[in-house]
Protein chains: 2
Amino acid sequence: MATIGDVAREAGVARSTVSAVLTGRKLVLPETRQRVEDAIAKLNFSVNAGARALATSRTMAIGAVVRFHEAEFSPALATYLVALSDAATEQGYSVQLLTERDGVGAVHRAIAGRRVDGLVLFNVVEDDPRLEPITTAGFPAVLLGMPRETRGVDAVDLDFAVGARLLVDHLADSGHREVTFVRWPDSLYAAGATYALRFADAVRQRVAGHGMKLEELACPVGPEQVRAVLGERLRRADAPHALLVHNDAAAAMLPFALHDVDVKTPGGPSVVSLHSSELARLYALPFTSVESEPDAVVRAAVELVINRIADPGLPVARRLVAPHIVERGGVSRSAAS
Amino acid sequence: MATIGDVAREAGVARSTVSAVLTGRKLVLPETRQRVEDAIAKLNFSVNAGARALATSRTMAIGAVVRFHEAEFSPALATYLVALSDAATEQGYSVQLLTERDGVGAVHRAIAGRRVDGLVLFNVVEDDPRLEPITTAGFPAVLLGMPRETRGVDAVDLDFAVGARLLVDHLADSGHREVTFVRWPDSLYAAGATYALRFADAVRQRVAGHGMKLEELACPVGPEQVRAVLGERLRRADAPHALLVHNDAAAAMLPFALHDVDVKTPGGPSVVSLHSSELARLYALPFTSVESEPDAVVRAAVELVINRIADPGLPVARRLVAPHIVERGGVSRSAAS
DNA sequence: CTGAAAGCGCTTACAG
DNA sequence: CTGAAAGCGCTTACAG
């Protein structure tokens, strides 16, 4: 492997001159620059990332702290990871995977070993224990998720409250006066999943604001079980006219469940849903929906963490990405009072 | 951040002694070692990965070269990435994501910049262009996939041929004499997807070996389209009695398609499938099937690439992970000749 | 078994 | 604008 010294010799300049054209920090005579660039090309030189990291104390790497093992149902993770890597690469950063079960330990080691310049925390929950090592070290990081208290750490997420309002309004506008909120199991809210909590709160407020009647149906996340739960509810005499779904498993299985039962409502119940865009793609979900915005969310996260790396003194940022509703039909005008 | 010098001062020894206990390469008096370890704990010291990389010319990082943008239907990627990271972490390696659209360029830059010690190539196809920069640099790498020609690069994959035989035999044992092979679209085979080619070849051979009749049904990978294609075929008068599926979209949508049509066969057709374990989990697929073995495959990949890094002179390895069949019913004894 | 010295490949003040 | 020198934090022969 060629080093900066080889390039300098080849171009007949000092090593620091090569470094100057590499970093672009200093002005170099165009002619000299050209000679250096020719030498670089000729020797197929590429700066040694580790050496640069040591000299600059910048690794140009971001760590993605993932808690996959706890996720029961997340086909979307790859989308986020790849989008993160793409966004980071654009900014000259690489992404390192930190997947250890012990998230706190992983964060600790990443910070202590100076393996990365900043962290992106996936799957953030309320009172996330991974915040502790970050705040004590004052390490650049951004949360994917929006807990009430971020303790001085930047955070970005889809605006689930706005998503909830869009969907409730859509049902209300279609004349519905009652809505069955097919949601995640209680355990998920208890675990502090920030997106689920924000969505549910907004649904309740908005439904009340419209003077509508709200029924909540907590669903498990196992495909089989969710199908059974949905089927049981749909079969009852007072079958719902409008379903508002926030539970990826339920969204995926709902078409099955509707098939399973002999739906009494003409054309079936109206269904609106908030789910990951990945899910919509995989299952070709036919509902009017608000989808996650992985690219926008991840792009914002990269921007925030890079800014934070550059200037730790920046004010704390809480960024909500605006969702939009995609109308796919599936909502019938209701005559039900 | 504490450095090795701080630790040395704290423990009252030379820096090289600290290094000795860190690397474990040299024998150190137990008492001295203890003093050093106490100092490390007290100062919360952790070796600077970049500095170590520079001194040892080992980054202790593996690059995952992913081609996501071309994948239409891959909820399984995250599973593989996380499994890879877990397996690497166990061995003291970290995983870096290389997701650039230009896979060849990504490989080039990773090698030239010495960012990683080895590469794991996802989604390998026949005549994969990413092999070129690897072979010319003689860089440690392992392919996830098994092209006919690996040009001296290690490769590991599920044994799709064995999987095919297991499934065909299962149908044959149940008395089926005809089988409809619901497979990927022609474009996928044309693109050189190694797993698809190996599976299809084995199916054809095995079916012929049993003297069975084979019908092939190429399906698109879009959920809507695949559902339409399947429905059309199932509705025909000569509806198939046995379906052998190798197409994740088709496997996922088949239950819908079976719902869509009024299946004439008592109990519906027999269905066996090879698909990703992630898919089985997400969709709760009820078919007897052979599933991918992400953990085993990825673990083997990490082992191979680490061995290759340690000893470039090792003989080239081609490792096939044995699949196993999971019987879930869905195969009815056939009276059809 | 321990320690002083050189070197890994860069960058960055600092003179010229 | 260019170049010689020091230093980033480690490891590794090599003396002692």
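Residue numbering restarts at 1 for every chain, and letters A, B, ... go by the order of the sequence lines.
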**OP:** State, with a plain yes or no, whether a side-chain heavy atom of A/Val66 is found less than 4.5 Å away from one of A/Asn123.
**Re:** no

Original post:
Less than 4.5 Å apart, any side-chain heavy atom of B/Leu97 and any of A/Gln96?
Top reply: no

Original post:
So do A/Leu84 and A/Phe122 actually touch side chain to side chain, heavy atoms under 4.5 Å?
Top reply: yes

Subject >> A/Arg151 CZ to A/Thr135 OG1 distance, which is reported to the nearest 0.5 Å >> reply: 4.0 Å

**OP:** Go through DNA chain D and write down every stem, that is, every run of at least three consecutive Watson-Crick or G-U wobble pairs with distances under 3.5 Å, as range with range.
**Re:** C:1-3 with D:14-16, C:5-12 with D:5-12, C:14-16 with D:1-3

**OP:** State, with a plain yes or no, whether a side-chain heavy atom of A/Val104 is found less than 4.5 Å away from one of A/Pro133.
**Re:** yes

Subject >> Positions of residues 7-17 of chain B (non-hydrogen atom under 4.0 Å from DNA chain C), listed by number >> reply: B/Val13, B/Ala14, B/Ser16, B/Thr17

Original post:
Of all of residues 45-53 of chain B, which get a heavy atom below 4.0 angstrom from DNA chain D, listed by number?
Top reply: B/Phe45, B/Ser46, B/Val47, B/Asn48, B/Ala51, B/Arg52

Original post:
Among pairs that include at least one residue of residues 110-120 of chain A, which meet salt bridge (charged side-chain N to carboxylate O under 4.0 Å, His left out), considering only residues two or more places apart or in two chains?
Top reply: none

Subject >> Upstream residue (5' side of DNA chain C) when A/Thr3 and B/Thr32 are each assigned their closest nucleotide >> reply: B/Thr32

Subject >> Nucleotide range of DNA chain D lying under 4.0 Å from chain B heavy atoms >> reply: D/dG9 to D/dC14

Original post:
Under a 4.5 Å cut-off applied to non-hydrogen side-chain atoms, are A/Leu121 and A/Val142 in contact?
Top reply: no

**OP:** Mind jotting down which residue pairs meet the side chain to side chain donor-acceptor pair (under 3.5 Å) criterion with at least one end in residues 38-54 of chain B? Sequence neighbours excluded, please.
**Re:** B/Glu10-B/Lys42, B/Gln34-B/Asp38

Original post:
Base, sugar-phosphate, or nothing: which does A/Thr56 touch, judged by heavy atoms less than 4.0 Å apart?
Top reply: sugar-phosphate

Original post:
When you check the gap from the basic side-chain N to the acidic O, do B/Arg35 and B/Glu31 get nearer than 4.0 Å?
Top reply: yes

Original post:
Is any side-chain heavy atom of A/Val13 closer than 4.5 Å to a side-chain heavy atom of A/Thr32?
Top reply: yes

**OP:** Please name the residue in the list A/Arg308, A/Arg319, A/Gln91 that meets the side chain to side chain donor-acceptor pair (under 3.5 Å) test with A/Glu303.
**Re:** A/Arg319

Original post:
Do the non-hydrogen side-chain atoms of A/Leu320 and A/Arg198 ever get within less than 4.5 Å of each other?
Top reply: yes

Original post:
Starting at the 5' end of DNA chain D, which residue's closest nucleotide do you reach first, B/Leu54 or B/Ala20?
Top reply: B/Leu54

**OP:** Please name the residue in the list B/Val153, B/Val305, B/Leu143, B/Leu98 that meets the side-chain contact (heavy atoms from CB on, under 4.5 Å) test with B/Leu119.
**Re:** B/Leu98

